[in-house]
Amino acid sequence: MPLISDPILEVCVDCYESIKNATEGGANRLELCSALSEDGLTPSIGLAKLAMEVSSVPVFAMIRIRSGDFVYMPQEIDSMVEDVLELKKLGIAGFVFGALDDRNNIDASACKKIIEAANPRPVTFHRAFDQVANPLAALEQIRKLGFKRILTSGQKQSALEGTRLLAELVEKAADDIIIIPGAGINEHNIGQIKDETAAREFHGSAKKSTNCPKGITVTDKDTVQRMVKILNR
């Protein structure tokens with residue numbers, strides 16, 4: 001019988017202050033992006049170097065060349081392969097990527113190229129999953145391609161709304177691939193999502209507004225601490 005692992009909180013970050021606060025708050029892993037306002041894009045080399053210097057936990061890098069859909073031209077895939085290779089040189093622990101075709105099916109060819117470039121680092125299939133027509137079939141395809149995780153809201157606006165599908169995905173995934181609930185997860189609902197899905201890894205930003213007049217939000221150390229405490233009850 002497999003051992004049950006301790007729950008993991010992955011925090012998405014896109015700036016120095018968020019990297020520092022998430023790490024000090026007890027996050028188990030960081031998802032490093034630029035432009036979280038655009039749902040996350042590939043981080044710069046400079047930001048990745050900074051994250052590796054500041055963080056004491058594994059850092060996964062988002063690989064997403066632009067905002068918008070997840071249907072990529074071959075030239076865009078080639079550019080993202082180059083991003084993976086450069087980020088690997090810095091010691092990035094893993095990557096987060098997803099690609100679809102124009103019918104919202106998994107783009108297997110694009111995914112294989114990124115997974116091959118990332119090898120031996122693990123790759124998470126991100127929330128492009130929430131646009132596929134048949135999530136259970138997509139789960140099997142993603143698993144066979146070699147992804148290690150799927151980040152999903154259960155095809156709803158938030159993970160709390162998607163707990164029914166999330167629970168089914170967790171059950172179907174078994175020990176072969178990890179399902180990570182994400183979208184709208186906070187200290188008020190993470191316990192409920194954990195109980196209703198039986199997931200062991202969770203994704204959130206734990207952000208709060210700053211005093212900056214532009215309303216910039218950053219990860220809050222205390223919020224991360226509270227979320228970690230709830231998960232470990």
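Because the structure is predicted, anything quoted here is derived from the model rather than measured. Just so you know, residue 1 is the first one in the sequence shown, and it goes up from there.
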Quick check: do [X] and [Y] have side-chain heavy atoms less than 4.5 Å from each other?
X    : Y    : value
N28  : V57  : no
L100 : V132 : yes
L32  : F60  : no
F95  : T124 : no
D39  : S67  : no

Distance col, row H126:NE2 vs T152:OG1, nearest 0.5 angstrom, shows 12.0 Å
Determine, for [X] against [Y], whether the closest basic-nitrogen to carboxylate-oxygen distance falls under 4.0 angstrom.
X    : Y    : value
K144 : D176 : no
E201 : R29  : yes
E86  : K89  : yes
K20  : E17  : no

Is a side-chain donor-acceptor pair under 3.5 Å present for S153 with D130? yes
Quick check: are there more than 12 heavy atoms from other residues, nucleotides or ligands sitting under 6.0 Å from CZ of R164? no
Considering residues, nucleotides and ligands other than E140, do more than 12 of their heavy atoms fall under 6.0 Å from its CD?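 More than 12 heavy atoms, drawn from other residues, nucleotides or ligands, come within 6.0 Å of this atom.
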Show your working on side chain to side chain contact (heavy atoms under 4.5 Å, CB included) between F129 and L151 and close with a plain yes or no. CA-CA 8 Å; F129 181 86; L151 173 62; over 6 Å; no
Option passing side-chain contact (heavy atoms from CB on, under 4.5 Å) with [X] (candidates [options]):
X    : options              : result
H203 : I185, I180, V96      : I180
S18  : V224, D220, V13, L36 : V13
I190 : L160, L9, V228       : L9

Checking the side chain of D195 only, and the main-chain atoms of A198 only, is there a donor and an acceptor separated by less than 3.5 Å? no
Would a distance-only check, ignoring hydrogens and angles, find a side-chain to backbone donor-acceptor pair under 3.5 Å from K88 to N119?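 Such a contact is found between K88 side chain and N119 backbone.
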Indicate the ring-plane relationship of F97 and Y72, choosing parallel, tilted or perpendicular according to the 30° and 60° boundaries. parallel
